[in-house]
Amino acid sequence: MRQTSGVRGDLRLRPVRPAGWWFDGLLLAAVVALTVALASGHLFGLDRAVADWSDENRPAAARWVAMTLNLLGQGTPLTLLAAGLGVLLAWRLRSVRPLLPPVAGFVLTFFTVGPLKVWTARPAPSASVKEPFLSPEQTLPLFQHDLPVRFAQSYPSGHVANAIVWYGVLALLLAPLVRSFGRTVPPRLVTVVRVVPPAVVFCTTVYLGWHWLTDSVAGLLLGLLLDRLLHRVPWNSLPLPARLHGWARPAEHLD
């Protein structure tokens, strides 16, 4: 039998707000309902109206500002940043447990956002002005599997979903990291880290025409669902292999 160590014994899920699973069910139902509505040809008028307004109100200066701010939602840099904070905190606390949230965040996003994009196969609004140069009407529907995959990965917005998940992971690691230096993080700052960057990414992604409004709404719903799952995990109580010895110890303030 494989031995484990460094376990508190309290494997109860951690509280989230709003409490209970009803909100998770609501988020999942909203994603399903939105997908069904789009698959049935609904909400296209709303998507087109928002995309057209953005195209008509996007001067060069505003475009460059939006593109710069949208970098806040780049998945690869966020993944590396979260992993780096996890490594730093793991080294300072002599525990591998701070590495678990970044790994879980990567696994969750990789096996949800990516497959959904491929399955729904929706082009972005910009697909009518650059490759594959579709007509405006052709850019709206889902399930266009006749297109190459690289041209039909707009739904849901990975920028928005990744921003919510990764800034949630960063907020989870930030407090214990700062405490390891003998300081504290104001709760409001943690809230700002979790809320402001995803909100900026949501707005700029739609404004730049890189995603339809409903793409970003789906990314928001999915990201919130994944974020709640990650924050429920009792990271300090998860069983770890005994061969880690002292490195399996609980990480202070991680939960």
Side-chain angles (χ1 to χ4, degrees), residues 1-29 31 75-116 158 161-185 187 189-191 193-194 198 221-255:
M1 180 180 297
R2 180 177 297 177
Q3 295 181 338
T4 59
S5 63
V7 182
R8 287 181 180 176
D10 182 8
L11 289 174
R12 290 176 298 178
L13 297 178
R14 297 299 179 250
V16 293
R17 291 187 294 178
W21 289 94
W22 66 270
F23 193 70
D24 302 74
L26 184 62
L27 291 171
L28 181 59
V31 173
T76 299
L78 286 175
T79 303
L80 295 175
L81 178 59
L85 285 184
V87 170
L88 177 59
L89 184 58
W91 178 256
R92 289 189 60 80
L93 300 181
R94 298 299 189 268
S95 171
V96 299
R97 293 185 182 274
L99 301 176
L100 301 180
V103 171
F106 176 80
V107 171
L108 274 181
T109 54
F110 184 83
F111 286 103
T112 55
V113 179
L116 278 174
N162 283 329
I164 294 173
V165 170
W166 286 117
Y167 283 102
V169 171
L170 290 174
L172 183 66
L173 297 174
L174 181 62
L177 179 61
V178 172
R179 286 192 183 99
S180 73
F181 289 97
R183 298 182 179 274
T184 59
V185 178
L189 178 58
V190 175
T191 301
V193 171
R194 296 189 64 181
L221 297 169
L222 182 60
L224 288 174
L225 178 60
L226 298 179
D227 177 74
R228 285 171 63 84
L229 293 177
L230 285 170
H231 280 79
R232 274 193 167 95
V233 178
W235 301 108
N236 276 329
S237 303
L238 295 179
L240 294 178
R243 61 177 173 270
L244 292 175
H245 303 294
W247 284 85
R249 65 168 58 92
E252 188 177 3
H253 304 298
L254 184 59
D255 286 339

Show the nearest heavy-atom pair for residues Ala82 and Leu173, with the distance to one decimal. O-CD1, 3.6 Å

Of Val165, Thr79, Leu78, which meets side chain to side chain contact (heavy atoms under 4.5 Å, CB included) against Thr109? Val165

How far apart are the closest heavy atoms of Trp22 and Pro18, and which atoms are they? CZ2-CB, 3.7 Å

How long is the span from the CG atom in Leu226 to the NE2 atom in His231, to the nearest 0.5 Å? 12.0 Å

With rounding to the nearest 0.5 Å, note down the distance linking CZ in Phe110 to CG in Asn162. 12.0 Å

State, to 0.1 Å, how close Ala90 and Val96 come at their nearest heavy-atom pair, and which atoms those are. CB-CA, 4.5 Å

Could you go through Thr184 and Val178, starting from their C-alpha distance and side-chain angles, then the distance that decides it, and tell me whether this counts as side chain to side chain contact (heavy atoms under 4.5 Å, CB included)? CA-CA 6 Å; Thr184 59; Val178 172; 5.7 Å; no

Among Leu116, Leu27, Leu108, which residue satisfies the side chain to side chain contact (heavy atoms under 4.5 Å, CB included) criterion with Leu222? Leu116

Given 3.5 Å as the limit, does a donor-acceptor pair link the side chain of Arg228 with the main chain of Gly223, or not? no

Tell me whether the guanidinium CZ or amine NZ of Arg94 lies under 6.0 angstrom from the six-membered ring centre of Trp91 and within 45° of its axis. yes

Check Leu28, Ile164, Val31 against Leu221 for a side chain to side chain contact (heavy atoms under 4.5 Å, CB included) and give me the one that passes. Val31

Hey, what do you get for CH2 (Trp166) to OG1 (Thr76), rounding to the nearest 0.5 Å? 10.0 Å

Within 45° of the axis and under 6.0 Å from the centre of the six-membered ring of Trp235, does NZ or CZ of Arg14 qualify? no

Nearest heavy-atom neighbours spanning Val169 and Pro102: CG1-N, 4.1 Å

I need the minimum non-hydrogen distance between Ala251 and Leu93, along with the two atoms involved. CB-CD1, 3.8 Å

Contact summary for Ala171 and Val190, nearest pair of heavy atoms: CB-CG1, 3.8 Å

How long is the straight-line distance from CG of Leu80 back to CG of Leu85, given to the nearest 0.5 Å? 11.0 Å

Separation between CG (Leu99) and CG (Leu88), nearest 0.5 Å, reads 10.5 Å

Check whether any side-chain N or O of Ser95 sits under 3.5 Å from a backbone N or O of Arg249 as a donor-acceptor pair, and report yes or no. yes

What's the separation between atom CG in Leu238 and atom CZ in Arg97, rounded to the nearest 0.5 Å? 6.0 Å

